[in-house]
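Predicted model, so just to flag it, every value in this text is computed and none were measured. These numbers come from the heavy atoms of this one structure, side chains and all, not from hydrogens, waters or symmetry mates. Below, chains carry the letters A, B, ... as their sequence lines are ordered, and counting in each starts from 1.
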Amino acid sequence: MKDFLGIRRFFAGLVERNGLAVSLYLTAAVGIWIFLLIILPQLTMFDYSFHHNLPPAKVGGPEDVYTLEHYRYFLRGSGNGSAYNVLDMSVLVRTLVAAIFVTVFDLVICYPVAFMLAKSSSAGRARLMVLALIVPYWINEILRAFAFRILFGSSGVINEFGMAVGLWGSPIDFIREDVALYAGLAYAYILLMIFPLYNAIESLDINQLEAARDMGATRLQVHTKVVIPYAKPGIASGSTMVFMLTAGALAAPEILGGPSNLWFTQIVYQWFNSGGNWPRGSAYAMILLVVCIAFVLLTMRLFKVSIGAIGR
Amino acid sequence: MTKEVSLDHVWVEFENFVAVEDANLTIAGGEFFSFLGPSGCGKTTLLRCISGFQEPTLGRIRIGNHDMKGVGPNRRPTALIFQNLALFPLRSVADNIAFPLEVRGVEKRERRRRADELLEMIALPGQGDKRIDELSGGQKQRVAIARALAVKPDILLLDEPLSALDLKLRQHMRTELRAIQKQVGLTFIYITHDQGEALTMSDRVAVMSRGKIQQVADSRTIYDRPATSFVASFVGENNAFAGTVLAKDGQGITIDAGLGVPLVAALRADSGVTPAVGEPCHLFIRPEALVPMTSGSPNSFEARLVKEEFEGHMRHLLLQAGEHQLRMSLVNNGLGGSVAGADGRLTVGFVPELAVALPLGLLASA
């Protein structure tokens, strides 16, 4: 009841500011977007994940009962003994570790760029740099992944260059070593790191930097004690996005992943496609989602960032 | 410890633009020194040179006999108070004050002790755990000062720190700043475009215009004996007459200011550069130096009363004399009555000692 009153008050405020027609449109658009495109598919997946994998004829029949079979499969595999499903679990862990690595790598690359953009360059030059950052993203993600494959191939630019200069003698298999995959993933979501960082740092008063310097802080201390604490919400927001998207990436691992490296999303994909087991695929997707959210929340708690700060 | 600051022919040039032109002066240890001038006159650039954020293009800056060339702002014995104070919003009051100690690796307990001590000094005891946005404007001001004093700098630089405050608080903070300066005995270098601030607080004031220092003197001299037309027109209200020098002798200088009668300004031993006979000049007469006179008195001229503004303790009269519009201020004697005759005309004049004659120069635009 209280919540309902709150919503009513919110809507009344909206009408007061924008008029009835606009308010109705906004409410409907946001409502449809959230419910139809986000909540409903997730709920369906969630429901799916508790069903047996039945042929279409039997769906809704007496055998169609709720089950934890797929979650059990993730933990125990198909064996009946006390063995764990080490294969799938280790893929999940490896995916998460790789996503963390990519996130940290992006953060390290993007922080100086964002800082430079926000504080050290003139407005005109900053706009040019932003444009230069955005333009490559007009190209489709899959094409970009293939471009990386060519770049890192055994006769690609990097190998040719390295050998011509004499850094190494025979072509390095960057794909097998997963260098191409990490580079591709780091590149794929770099903008999602730069812009939240840029936004956060941009609003920082330049006098604060000078004040810190004037009071004896070294350049490094200016960053650790003034800029980074201030930009924390931006760092959290960018890191969350990069981490979530990297952990959930499919195209880059498919195209750039080495033969030995399986991404967890690829397992999900396999269950849906070649495996023909949609409920199990749904269960795996749910597991990935829950583990990722839990990990993000835990990290935020560790760094004392509130959820609300991310929206800033 | 107080150290003197000396600027030795300092020039600062930016692309196609000279921000500071040959600044050459010495600020004594323990002095309250102000740079006064309109925005864009180069005073902030000069302050940034002293604090180390800007290197002079030419010239030398010394603090206590140490050349500051190549010494970064973090290694100079100066502390800067920014116009917007630049307090750290994410830190508590005590953590703000202790920041300079923190970056120097002072341990936490000692930091806290020193912060409490400084809070005591600025009359905010026990407020160390408050957030910055819980403080009022004047309190923030004092916290900024305490933070700047935390590592005992030799020189405190203040960049228009009072401009964001309302009038009452500003006047109160003037007294307080002056008191703090006396208490800690530091050299204060104060930047402002507000002449009231500069004149009331400073031991000496440097008036700047277009990158050039026009005059360096104590407040009274700046007001009474301006060295250039800019100073005369920028500091306080002044009536400026452009004219030509007719005669000049030991006592005075006679000027044709286009009022029909020759006017005489006294010359004193401390008068600086004065215009020579036949040269164009400026004659300055302050509104409060003008008084009603009987017709035909020396140094008097006819004027017409255009408007009178009543300000309680003062009456401000707007007069028209020939081509000139001028202002005259009279202390309200409480008796009322018009100073002008029935036809709106009156005779006004001044004593030569209260007028200043200077070579023709640039006036401050109102």
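The most heavy-atom pairs under 4.5 Å with chain A, out of Arg76(B), Arg147(B), Arg75(B), Gln83(B), come from Arg147(B). For the set Val226(A), Leu209(A), Thr224(A), Ile206(A), the entry with the most heavy-atom pairs within less than 4.5 Å of chain B is Val226(A).
Thr57(B) places a side-chain N or O within 3.5 Å of a backbone atom of Glu13(B) that can act as its donor or acceptor partner.
Between Phe101(A) and Phe105(A), the two ring planes are parallel [angle under 30°; tilted spans 30° to 60°]. Ring geometry for Tyr111(A) against His223(A) counts as perpendicular: the plane angle is over 60°, on a 0 to 90° scale with 30° as the lower cut. Ring geometry, Phe32(B) versus Tyr190(B): the interplanar angle falls from 30° to 60°, so the pair is classed tilted.
Contacts of Phe82(B) with chain A are made by side-chain atoms alone, with heavy-atom separations under 4.5 Å and no backbone atom involved. Neither the backbone nor the side chain of Ile81(B) comes within contact range of chain A; no heavy atom of the residue lies under 4.5 Å from a heavy atom of that chain. Using a 4.5 Å cut-off between heavy atoms, Gln221(A) contacts chain B through its side chain alone, with no backbone atom that close.
The shortest non-hydrogen separation linking Ile97(B) to Ala146(B) is CD1-CB, 3.9 Å. Scanning all heavy atoms of the two residues, the minimum distance from Val71(B) to Glu55(B) falls at N-OE2, 4.4 Å.
Under 4.0 Å is where a charged nitrogen must lie from a carboxylate oxygen, and between Arg113(B) and Glu117(B) at least one such pair does. Using a 4.0 Å cut-off between a side-chain N of Lys or Arg and a carboxylate O of Asp or Glu, Asp95(B) and Lys225(A) do not qualify as a salt bridge.
Contacts between residues 211-218 of chain A and chain B, defined by a heavy-atom separation under 4.5 Å, are made by Ala211(A), Ala212(A), Arg213(A), Asp214(A), Met215(A), Gly216(A), Ala217(A), Thr218(A).
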